[in-house]
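Before any comments, here is the structure.
Convention: sequence-line order gives letters A, B, ...; per-chain numbering from 1. Model, not experiment: these values are computed from the prediction.
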Amino acid sequence: MTPSQPSSAFLNISYSAHNKPPIPHRPFTDPNRLAPEDAIYASSSPRRQRRADHYLALDGEVAGENSSVKSIGSGRRRRGKDRGRSGSRRGKGVWKKLLWVKQKDYPDNYTDPPTFLSHLQRNPRLRPYDFWPLVADSTVIVQHISSVAIFVCSFVGIYQQRVSPVSVVSWGTVGSVLGWVLWDFWVRQEAASKAIAEPSNNYGDFMNGSAVSGASSPISSTALNPLSTPDSGIGLGLTLATSNLSSRKGHSHSYSGTSVSSGPSPTLSHHPSMNHLHGSAAAPNPTHLAHSRLATAKSALLIYIALLGLSPILKSLTESTSSDSIWAMTCWLMCINIFFFDYSGGVGVKFPASLSTNAALMASTVLASRLPSTTHVFSLTLFSIEVFGLFPVFRRHLRHFSWRGHLLLTLALVIGAGAGLGTTLSKKALWQGGWKRAVAGAIIWCLGSAVGMGGCSWWLIGLQRYKNVVIGPWDPARPVIRGGQWE
Amino acid sequence: MPYNIAMVSDFFFPQPGGVESHIYQLSTKLIDRGHKVIIITHAYEGRTGVRYLTNGLKVYHVPFLVIYRESTMPTVFSFFPIFRNIIIREEIEIVHGHASLSSLCHEAILHARTMGLRTVFTDHSLFGFADAASILTNKLLKFTLSDVDHCIGVSHTCKENTVLRASLDPLMVSVIPNAVVAENFQPLALHKNSNSYPFAARPAPLPPQHLGPHDTITIVVISRLFYNKGTDLLIAALPRILAADPHVRFIIAGSGPKAIDLEQMLESRVLQDRVELLGPVRHEEVRDVMVRGHIYLHPSLTEAFGTVIVEAASCGLYVVCTRVGGIPEVLPPHMTTFAKPEEDDLVAATQKAIAALRANRIRTEGFHEQVKKMYSWTDVAERTERVYDGITGAISEEEFYGDVSGGGWSATRGRAGVQSFALIDRLKRYYGCGIWAGKLFCLCVIIDYLLFQLLEMLAPRANIDICRNWPKKAGKGERIDEEGDEATPLRMARSRASSRRKGRLR
């Protein structure tokens with residue numbers, strides 16, 4: 001800072017100043033200048049009171065002021081004398097931060113030290129990060145990057161004909177089904193606990209959904225969603241959200257025709273759920289569950305068949321594009337997938353990061369054209385749906401329900417990705433000595449992840465020193481609306 | 001002593017707006033005080049070249065590429081040749097830029113300093129520090145204001161904002177509020193009176209209006225329907241206000257992207273018969289809309305000054321507004337009710353205001369006279385003139401900047417209390433703007449200086465004609481209609497002809 005910019009000190013206050021306890025009277029080093037500290041230290045409650053008085057003073061005339069303002073004025077004058085400034089203004093009226101009062105005693109460029117920048121706040125909502133929570137949160141990112149790596153390795157394996165595509169997709173499907181079973185268990189558990197906690201609310205939801213739609217709505221809305229394959233959190237996550245939709249659509253959706261309870265009249269159909277909720281709230285209606293499972297299985301089958309039919313088309317879709325373009329495009333699409341992925345999404349997110357998912361699916365579609373047969377294409381596409389569509393949902397739920405499981409999964413994914421990369425890079429098959437490379441890859445990838453997580457967290461904490469959020473009355477206010485749509 | 005002043009801004013008529021009318025009114029009043037004022041702006045559609053407005057106010061419409069919302073393309077140097085020409089032609093001494101989003105203004109201040117002129121900058125808006133657009137604008141502002149003689153903010157909040165954004169010495173920033181032409185914003189009854197008694201010193205006091213408990217209260221909202229004008233708050237609060245009192249009506253004027261939301265809300269709640277949507281109204285029609293109501297509701301989320309609430313108070317409306325930006329400084333408490341920018345608080349404040357009106361606790365009939373005393377453009381011009389005096393050294397540094405105890409020397413000001421034009425001093429000021437920015441800005445200034453020298457060689461001053469001044473009015477005697485002459489901006493269309501008629505060539 002050069003002498004020519006004296007008051008750039010306004011924005012260059014060290015971070016540590018914020019943490020100091022407020023000092024009531026800070027000695028003024030230079031009477032000409034004010035620093036934001038002046039505002040912060042002085043912005044204790046007496047100041048606020050004083051400002052309120054200013055605004056409340058009804059008459060512009062100085063004579064008509066109440067005693068509190070007068071006493072403030074004298075206090076300020078005293079301070080003014082201490083600073084050896086504005087001594088000539090003693091005996092004149094008290095300066096007020098108002099425009100409608102003509103303050104002839106003060107020039108227009110008069111800067112009132114007590115009120116100037118009194119509403120300035122620096123880093124008001126600063127929450128310093130802790131190291132370990134930050135590292136723990138970064139596991140989500142590591143998980144996603146690792147699963148992308150695993151997918152890429154699987155493709156390379158299939159492409160180089162080292163791995164059978166059917167085995168890849170079979171393992172993937174087995175994993176998905178296992179995940180779905182777990183997820184189903186969690187959701188049931190949570191629904192039960194929720195029903196215990198607030199039975200009336202839940203009852204209302206069921207009433208709204210089922211009574212109007214003329215069919216048991218959880219089932220119908222699940223069936224509405226084409227993506228509700230095994231372990232599809234998307235499909236079942238929609239249960240409540242689409243109940244309005246289904247109610248509006250009325251009887252038009254004949255998906256639920258297979259479900260037993262859609263035939264009878266509305267009153268009949270919603271009675272069981274009511275009884276059940278009032279009776280044994282611990283376990284949801286078994287028929288409901290059975291139906292929802294049936295519907296899920298059905299739509300899974302639908303997707304399976306549709307994919308099977310589409311595979312030849314997908315295979316020839318980008319066949320004429322040169323391989324170089326395909327690799328480049330895949331690279332970009334995977335980057336998009338990683339950067340736009342919704343890492344913060346909780347369990348209740350309906351359609352998390354559609355751009356990210358779409359990019360990944362497009363990447364797999366593009367890659368599929370490089371594969372030799374329809375079976376390959378089908379396997380890769382199904383695998384990509386499992387990895388990019390369903391797996392994130394499962395991960396999200398796992399993190400929500402079991403932190404230990406989340407850490408184990410992270411470890412497994414990291415090791416898996418490292419091993420996969422190692423194997424891919426080695427020329428030999430796993431059982432012919434390639435396992436050495438795999439182990440080496442796993443170790444390197446693990447170490448890299450750990451260093452990356454720790455290093456980035458440490459870096460972020462270090463960067464907090466430079467955080468300088470300046471908030472004041474000039475910022476657009478955030479409207480508070482009861483609907484809650486604007487925070 | 002009279003000055004030759006050039007007001008530079010991208011924003012001027014025919015575009016309507018607060019900055020535009022500020023420039024126009026201030027210029028008119030400064031001309032009345034004996035100064036020579038010209039305005040430099042960019043060419044608008046159908047308005048190019050040189051124009052004369054009332055009072056001999058000369059407007060240069062410089063051809064420039066407009067990129068966004070009437071802001072010109074920032075080119076840093078391309079404005080210099082024509083700017084220098086105008087400045088020399090008109091023998092300008094002070095360049096006064098307006099509005100921080102106007103790149104024309106920033107360029108003009110830079111070139112004016114290179115040419116050795118005094119510069120003043122008026123900030124009309126508030127900016128945050130968080131979003132990318134603000135950061136960019138603030139850096140540019142810091143560049144320009146590193147070497148400016150004085151700044152003017154329209155409210156104390158605006159001053160604080162400018163000081164922080166451009167890292168200025170607070171004493172270099174004056175607060176001079178906007179004003180209103182009170183004659184154009186008269187309450188209903190007063191308007192009639194003033195026609196019948198044009199020479200009465202004070203119009204007869206109005207008969208106080210009494211509102212019974214079941215009389216209809218009309219709430220007026222006139223604002224552009226944008227997010228930052230708080231239209232979402234309005235949409236949320238309006239049905240609740242209407243539901244609480246069956247004798248309340250709304251008149252909403254203005255247009256904008258949120259108009260659709262508003263209309264949808266009205267349709268879904270079937271409130272069309274109680275809310276009148278007028279769409280966009282022209283500035284001179286605002287008064288006619290305002291006088292139809294009792295309360296003016298201003299739910300804005302950010303506002304540097306809020307001229308419209310002064311206009312509303314001048315029309316005799318009780319004002320309910322959000323406590324944001326500079327608004328709390330603008331009107332005395334007996335004319336306003338403040339609310340937090342929250343739906344619940346806004347509803348509560350409006351209901352309080354309705355109740356107070358019904359109980360006849362608020363005497364709105366005196367508002368017009370009070371506002372007239374508070375804000376006038378003549379006052380603004382006087383205070384601006386003092387700024388000009390200060391920067392040219394006409395009044396001493398001690399008087400202008402206060403009793404400086406630090407030995408009478410400041411880094412931003414020279415020993416004489418005014419900023420020196422020496423290139424090296426200017427470079428010192430720019431260098432402090434930032435590690436990279438400082439050097440970049442210095443480079444710009446050096447190029448600007450070289451460009452100036454080149455222009456002096458290519459187009460010597462001697463070859464530029466000095467234009468004749470508009471003949472001044474003879475004296476004080478002829479200035480009978482000083483207040484009344486404050487033409488509405490829209491009357492300027494025929495101003496050229498009328499001012500020709502008025503002026504007598506010397």
What part of B:Asp345 lies closer than 4.5 angstrom to a heavy atom of chain A: side chain, backbone, both or neither? neither

Nearest atoms (heavy-atom pairs only) where B:Leu233 meets A:Val480: CD2-O, 4.1 Å

What's the shortest heavy-atom distance between A:Pro473 and B:Glu160, and which atoms? CG-OE1, 4.5 Å

Quick check on B:Lys340: does its NZ atom have over 12 non-hydrogen neighbours (other residues, nucleotides or ligands) under 6.0 Å away? no

Provide the closest heavy-atom pair for A:Leu98 versus B:Pro328 in the form atom of the first, atom of the second, distance. CD2-O, 3.9 Å

Go through it in stages, so that I can follow the logic: the residues are A:Trp100 and B:Val310, the test is side chain to side chain contact (heavy atoms under 4.5 Å, CB included), and I'd like the CA-CA distance, side-chain angles, deciding distance and then a yes or no. CA-CA 10 Å; A:Trp100 54 274; B:Val310 183; over 6 Å; no

Please flag which part of B:Val173 lies under 4.5 Å from any non-hydrogen atom of chain A: side chain, backbone, both or neither. backbone

Between B:Phe127 and chain A, which part of the residue has a heavy atom less than 4.5 Å away: side chain, backbone, both or neither? backbone

For B:Asn228, what residues pass the side-chain contact (heavy atoms from CB on, under 4.5 Å) criterion, not counting sequence neighbours? B:Phe226, B:Thr302

At their closest point, which heavy atom of A:Lys102 faces which heavy atom of B:Lys373, and how far apart are they? NZ-O, 2.7 Å

Please determine which of A:Tyr110, A:Trp95, A:Phe116 meets the ring-ring contact (aromatic ring centres under 6.0 Å, His included) test together with B:His156. A:Trp95

Would you please name every residue forming a side-chain contact (heavy atoms from CB on, under 4.5 Å) with B:Leu423, sequence neighbours left out? B:Arg426, B:Leu427, B:Val445, B:Tyr449

Most heavy-atom pairs under 4.5 angstrom with chain A, which of B:Leu301, B:Leu126, B:Val324? B:Leu301

Provide the closest heavy-atom pair for A:Asp475 versus B:Gly128 in the form atom of the first, atom of the second, distance. OD1-CA, 3.3 Å

Under the side chain to side chain contact (heavy atoms under 4.5 Å, CB included) criterion, do A:Leu120 and B:Leu164 qualify, and how do the steps go? CA-CA 10 Å; A:Leu120 178 120; B:Leu164 282 180; 3.1 Å; yes

Of all heavy-atom pairs between B:Val154 and A:Leu99, which one has the smallest distance, and what is that distance? O-CD1, 3.7 Å

Exactly one of B:Val175, B:Ile176, B:Thr384 clears side-chain contact (heavy atoms from CB on, under 4.5 Å) with A:Asp108, and that residue is B:Ile176

